[in-house]
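Heads up: the structure comes next, in structure tokens.
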There are 2 protein chains.
Amino acid sequence: MATAAVAPRPAPRAVRIERVGGLDYDVLDALLGFAIRRAQLAIQGSFTEATRGMDTTPPRFTALVVIGANPGLSQTVLGKVLGIARSGAMQLTDWFEERALVERRKSPNDARAWGLHLTAKGEKITARLKERVFAQEQQWTAHLSPRERSELLRLLAKLTG
Amino acid sequence: MATAAVAPRPAPRAVRIERVGGLDYDVLDALLGFAIRRAQLAIQGSFTEATRGMDTTPPRFTALVVIGANPGLSQTVLGKVLGIARSGAMQLTDWFEERALVERRKSPNDARAWGLHLTAKGEKITARLKERVFAQEQQWTAHLSPRERSELLRLLAKLTG
DNA sequence: TATTGTTATACTCTATAACTATA
DNA sequence: TATAGTTATAGAGTATAACAATA
């Protein structure tokens, strides 16, 4: 499908919300929602730094991992995993296919659906991404003891059911 | 500035990432980044439900609270609190001013800058939003014991430094 | 009828860059 | 020179709605 080389977009700047000194944050400091939002922006910044030059984003990473672990996945299910509409999952799949990371194959069970599969190149890149993302988590959670880290993971899982 | 009544946009659907049954999430389950992303989407969904009809979003809520607690705040500082560019803080301020929630007043110290202030209407709406958001947090964190909730808050704060 | 993938379209949020007026 | 606000423009990400093929 790719008719021309696609120029990788410039790396997005790492968003870092700094706490503004001398400012009254009022109720925000007591709200879990705000704390999670801050954490999300911070980790997204770390992710961007850790994967710089690899032209990826958190949803792309998630998609590659899930397709890798579930070969033959449909686009509809991919959308559900990511929490986006089918049309978005399709565009994402197009993006991967243009770069030869993912392949669409006819589903054996359902003639309407595609089954998604990583290509050899996709496997390699996914493996490299996993390494980087793990290293980044290591670094990002360096402030926490292993016990705190797993407790945080447990509490977040409990929260989202 | 408002020349015509502004139609409130339709309430955005509450995004809810459901865990897809029978799917292998591979390394994602061990990554704090993914857990936080899930939590962020979930709480954003709850926020949307809790404030339905009030035409707000998490950044808007944050802005109103911070302006309320720090009268005379400049747009530049507002942008820093939210982690967005100055131009974005300006558009947000325009949006508030069109709805008569926030007022720009000349800063006494710096003729270049505006000082932002809540109007009486803005105060009232901010107070109502705080109530709803608190009630939502209460409900959202019902799975957690008070100890777990404060531990989660502590760990997130430690994480983002 | 319902669902999969697709196309077309639109909108929100945010960024960057250049401009102005002050500092 | 640097900074606050502004303007213009652009892009990513995602949504909705309608359609064809298949279930």
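So that the names make sense, note that chain A is the first sequence line, chain B the second, and so on, each numbered from 1.
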Between [X] and [Y], does any side-chain N to carboxylate O distance fall below 4.0 Å?
X: B:E151; Y: A:R154; value: no
X: B:D29; Y: B:R38; value: no
X: A:R99; Y: A:E97; value: no

What is the distance from [atom1] of [X] to [atom2] of [N], rounded to the nearest Å?
X: A:D94; N: D:dT14; atom1: CG; atom2: C1'; result: 15 Å
X: B:L41; N: D:dG13; atom1: CG; atom2: P; result: 15 Å
X: B:D110; N: D:dG5; atom1: CG; atom2: P; result: 8 Å
X: B:L78; N: D:dT6; atom1: CG; atom2: P; result: 12 Å
X: A:Q91; N: D:dT16; atom1: CD; atom2: P; result: 14 Å
X: A:W95; N: D:dA12; atom1: CH2; atom2: P; result: 11 Å
X: B:W114; N: C:dA21; atom1: CH2; atom2: C1'; result: 12 Å
X: B:K80; N: C:dA15; atom1: NZ; atom2: P; result: 14 Å

Problem - 5' precedence on DNA chain C between A:A113 and B:A111 (nearest-nucleotide basis) - result: A:A113
Exercise for the section: Please state whether the phosphate of D:dT6, meaning OP1 or OP2, lies under 4.0 angstrom from any side-chain nitrogen or oxygen of B:R104. Expected result: yes
Practice task
May I ask you to verify if any side-chain N or O of A:T76 is less than 4.0 angstrom from the OP1 or OP2 atom of C:dG5?
Solution key: yes
Handout entry: Donor-acceptor contact present, side-chain B:T126 to main-chain B:V65, <3.5 Å
Key =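 Not at all, since once roles are kept as given, no pair shorter than 3.5 Å links the two residues.
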Practice task
Would you check if the side chain of B:Q91 reaches a backbone N or O of B:G88 as a donor-acceptor pair within less than 3.5 Å?
Solution key: no
Practice task
Classify the side chain of B:S87 and the base of C:dT14 as holding, or not holding, a donor-acceptor pair under 3.5 Å.
Solution key: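 Answer is no: no donor-acceptor pair is held.
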Problem - Distance-only donor-acceptor test, B:R112 side-chain atoms vs D:dG5 base atoms, 3.5 Å - result: no
Completion exercise
Heavy-atom nearest nucleotide on DNA chain D taken for B:S74 and for A:R86; more 5' hit belongs to B:S74
